[in-house]
Amino acid sequence: MSTVLSHVRRQSILPMGVCGGRKRPFFFIVLPLILFLPLILSVSKLHESSSIQQEPKRTRPRKSDHLVLGPAAGQGLPDRLQCQGLKAVNKVHSSISHEDIQIGDSISFVTVYTIYNSSRGSDSARADGKLSDMVIVGNNSYSKHERSMAILNAFIDFIQVSMPSSSVIILTDPASEFTIRKSKATTLPIPGDYSRGNLMLQRIRSYITFLETRLQEQSKGLGWTIHYIFTDSDIAVVNDLGHIFQKDPNFHLALTFRNNKDQPLNSGFIAVRGTPDGIYKAKILLEEVVNVYSLKFMKASRMLGDQLALAWVIKSHLPFALKKFGRHESFSAELNGVSILFLPCAVYNWTPPEGAGQFHGMPLDVQVVHFKGSRKRLMLESWSFYNSTSNMSDMLCLVLKSGRTKYDF
């Protein structure tokens with residue numbers, strides 16, 4: 001009896017043992033999986049999506065700290081500078097002889113330049129900068145502040161070589177402290193907002209203020225005519241520009257154009273006839289540009305706003321001019337009584353990158369080279385080269401062959 005009962009008990013216990021020893025662990029294993037499976041799947045999907053979205057970091061191409069010579073564009077084309085190495089096979093030619101310039105007429109170049117406190121800094125900051133931020137061009141080394149001044153000095157040097165009788169006037173913030181030790185170069189403080197974000201707008205306003213002062217001087221009976229060419233300070237005048245005012249004696253203001261739909265005009269070169277009528281009419285047009293700038297293009301006030309405003313004014317009043325911008329030939333037009341002479345950038349505002357592509361080389365009658373963008377080093381290298389060779393055509397071969405590269409400043 002006891003044996004049977006014991007057997008029955010074992011049978012009753014065994015199923016309980018099987019249930020407690022097998023099913024219970026299985027339940028506890030499955031339950032966490034059920035609870036955490038959605039979390040595991042969501043984390044997996046998140047990791048997968050993030051790995052898809054993550055792109056390899058694109059490293060910016062390093063800008064060169066030395067000249068990089070490449071092929072010279074325009075080789076074999078007529079009326080283009082031909083180079084063998086850094087020697088010019090043909091020569092750029094002047095568009096005017098000195099005998100053609102009328103006695104009594106002179107030309108002054110006007111540019112805007114300012115120094116920011118961060119550019120100069122304290123003595124200790126400049127000392128640190130000389131260790132970490134020095135650049136070498138030719139036989140000279142420059143800190144960040146010094147190379148900015150070197151570019152301004154090169155701007156003046158090129159003018160004094162190509163147009164030795166001309167003067168240079170530098171419009172600047174009265175708070176800027178810098179010294180120009182060049183003959184026929186002076187500074188003229190004009191109050192205004194020269195902050196980086198407002199500099200392009202202030203530049204036009206400074207031009208207007210300057211023209212107003214010249215009108216006041218002429219009203220006092222100034223006996224001779226001084227024409228004015230307003231430019232960026234990163235240009236090299238490589239030829240005499242006096243012919244601009246001789247060939248077309250009727251224009252009030254001259255602008256440079258290019259075959260660019262969005263930015264057909266470059267504000268880095270504006271010529272103004274120095275007669276009372278010419279100065280007044282140029283001032284009127286620039287005042288309209290300032291108004292359009294302030295109303296429509298303040299979001300581009302740090303860069304390009306002046307060019308966009310200038311293009312808007314021209315397009316609004318002279319829509320036919322857009323078709324002529326693709327011909328690379330000078331033409332004249334009248335806008336609200338202002339006679340405007342349009343000059344091709346290919347000759348009067350030639351830039352190294354466009355010269356290597358859009359313009360198919362450098363025209364033999366090139367007058368101005370504009371080192372805009374990342375080509376300020378090239379401007380100093382070019383002046384250093386000219387200073388050692390005194391050959392403008394050979395120097396232009398250097399510019400033509402190295403203009404495609406972006407440099408470190």
Side-chain angles (χ1 to χ4, degrees), residues 61-95 135-142 146-164 231-241 268-269 345-409:
R62 185 174 180 272
K63 294 182 179 180
S64 178
D65 59 358
H66 61 279
L67 285 183
V68 178
L69 299 178
Q75 300 307 286
L77 297 178
D79 299 325
R80 293 294 186 270
L81 182 65
Q82 306 295 305
C83 304
Q84 288 184 353
L86 295 180
K87 297 295 291 183
V89 177
N90 50 3
K91 305 292 182 181
V92 293
H93 52 76
S94 175
S95 300
V135 296
I136 298 175
V137 178
N139 296 323
N140 300 308
S141 59
Y142 304 99
E146 289 168 341
R147 66 191 184 216
S148 174
M149 287 297 300
I151 291 167
L152 180 63
N153 284 322
F155 162 73
I156 299 171
D157 289 334
F158 275 116
I159 291 173
Q160 292 182 341
V161 167
S162 299
M163 301 178 65
T231 73
D232 291 347
S233 59
D234 57 353
I235 71 160
V237 177
V238 298
N239 225 322
D240 196 321
L241 297 172
F269 184 100
C345 280
V347 176
Y348 296 94
N349 205 335
W350 189 92
T351 61
E354 291 173 327
Q358 181 177 343
F359 296 147
H360 306 291
M362 182 181 289
L364 287 175
D365 57 347
V366 65
Q367 308 292 303
V368 176
V369 176
H370 193 168
F371 296 91
K372 60 187 178 182
S374 299
R375 288 164 182 87
K376 305 298 185 288
R377 169 184 281 274
L378 179 55
M379 182 175 182
L380 295 188
E381 296 276 9
S382 300
W383 173 250
S384 177
F385 183 89
Y386 175 80
N387 208 26
S388 63
T389 63
S390 299
N391 190 310
M392 192 67 75
S393 295
D394 288 352
M395 185 214 75
L396 291 175
C397 280
L398 175 75
V399 174
L400 185 61
K401 291 174 71 68
S402 57
R404 286 175 173 164
T405 301
K406 290 189 175 181
Y407 295 98
D408 55 351
F409 73 92

Flag side-chain contact, heavy atom, 4.5 Å: Asp232 against Lys372: no

* **Heavy-atom check, side chain of Asp157 versus side chain of Tyr386, under 4.5 Å** => no

In terms of heavy-atom contacts, Gly403 and Leu378 come closest through CA-CD2, 3.9 Å

### Task
Side-chain contact test, heavy atoms from C-beta onward, threshold under 4.5 Å: evaluate it for Arg377 versus Asp65 and give yes or no.
yes

Rounded to the nearest 0.5 Å, the CG atom of Leu86 sits from the CE atom of Met395 at a distance of 11.5 Å

Those residues at least two apart in sequence (or on a different chain) that pass side-chain hydrogen bond (donor to acceptor under 3.5 Å, both in side chains) with Asn153 are none

| query | With side chains defined as the heavy atoms from C-beta onward, is the minimum distance between Arg147 and Val137 less than 4.5 Å? | reply | no

Original post:
Between Lys401 (side chain) and Gly70 (backbone), is there a donor-acceptor pair under 3.5 Å?
Top reply: yes

### Message
So Tyr407 and Lys376, do their side chains get closer than 4.5 Å, heavy atoms only?
### Response
no

Heavy-atom closest pair (Val399 atom, Trp350 atom, distance to 0.1 Å) is CG1-CZ3, 3.9 Å

Note to self: For a 4.5 angstrom cut-off between non-hydrogen side-chain atoms, does Val68 reach Ser402?
What the structure shows: no

By side chain to side chain contact (heavy atoms under 4.5 Å, CB included), Val368 pairs with (sequence neighbours left out) Ile235, Leu241, Phe269

**Report entry** Any Val161 side-chain heavy atom under 4.5 Å of Val238 side chain
**Finding:** no

Give the C-alpha distance, both sets of side-chain angles, the deciding distance and a yes or no for side-chain contact (heavy atoms from CB on, under 4.5 Å) between Ile136 and Ser141.
-> CA-CA 4 Å; Ile136 298 175; Ser141 59; 4.0 Å; yes

Quick one, Leu67 with Leu398, criterion side-chain contact (heavy atoms from CB on, under 4.5 Å). Give me CA distance, side-chain angles, the key distance, then yes/no. CA-CA 9 Å; Leu67 285 183; Leu398 175 75; 3.5 Å; yes

Minimal heavy-atom distance between Pro363 and Gly361, with the atoms involved, is CD-O, 3.7 Å

Less than 4.5 Å apart, side chain to side chain, heavy atoms only: is that true for Val366 and Leu81? no

Distance col, row Thr351:OG1 vs His370:NE2, nearest 0.5 angstrom, shows 8.0 Å

Rounded to the nearest 0.5 angstrom, the CH2-CD1 distance for Trp383 and Ile151 is 14.5 Å

By ring-ring contact (aromatic ring centres under 6.0 Å, His included), Phe385 pairs with (sequence neighbours left out) none

Taken in chain and number order and not counting sequence neighbours, the residues that satisfy side-chain hydrogen bond (donor to acceptor under 3.5 Å, both in side chains) with Ser233 are none

Residues at least two apart in sequence or cross-chain that pass side-chain hydrogen bond (donor to acceptor under 3.5 Å, both in side chains) with Asn140, listed by chain then number, are Tyr142

Closest heavy-atom pair, Ser382 versus Phe158, reported as atoms and distance to 0.1 Å, is C-CZ, 4.3 Å

Contacts of Ser393 meeting side chain to side chain contact (heavy atoms under 4.5 Å, CB included) (sequence neighbours excluded), chain-then-number -> Ala88, Lys91, Val92, Asn391

Hits for side-chain hydrogen bond (donor to acceptor under 3.5 Å, both in side chains) against Lys87, two or more places apart or cross-chain, chain-then-number order -> Asp394

Applied to residues 383-393, the salt bridge (Lys or Arg N to Asp or Glu O under 4.0 Å) test, sequence neighbours excluded, yields none

To the nearest 0.5 Å, atom CE of Met379 lies from atom CG of Leu152 at 8.5 Å

To the nearest 0.5 Å, atom CG of Asp234 lies from atom CZ of Arg375 at 11.5 Å

Hits for side chain to side chain contact (heavy atoms under 4.5 Å, CB included) against Gln82, two or more places apart or cross-chain, chain-then-number order -> Gln75, Arg80, Val89, Asn90

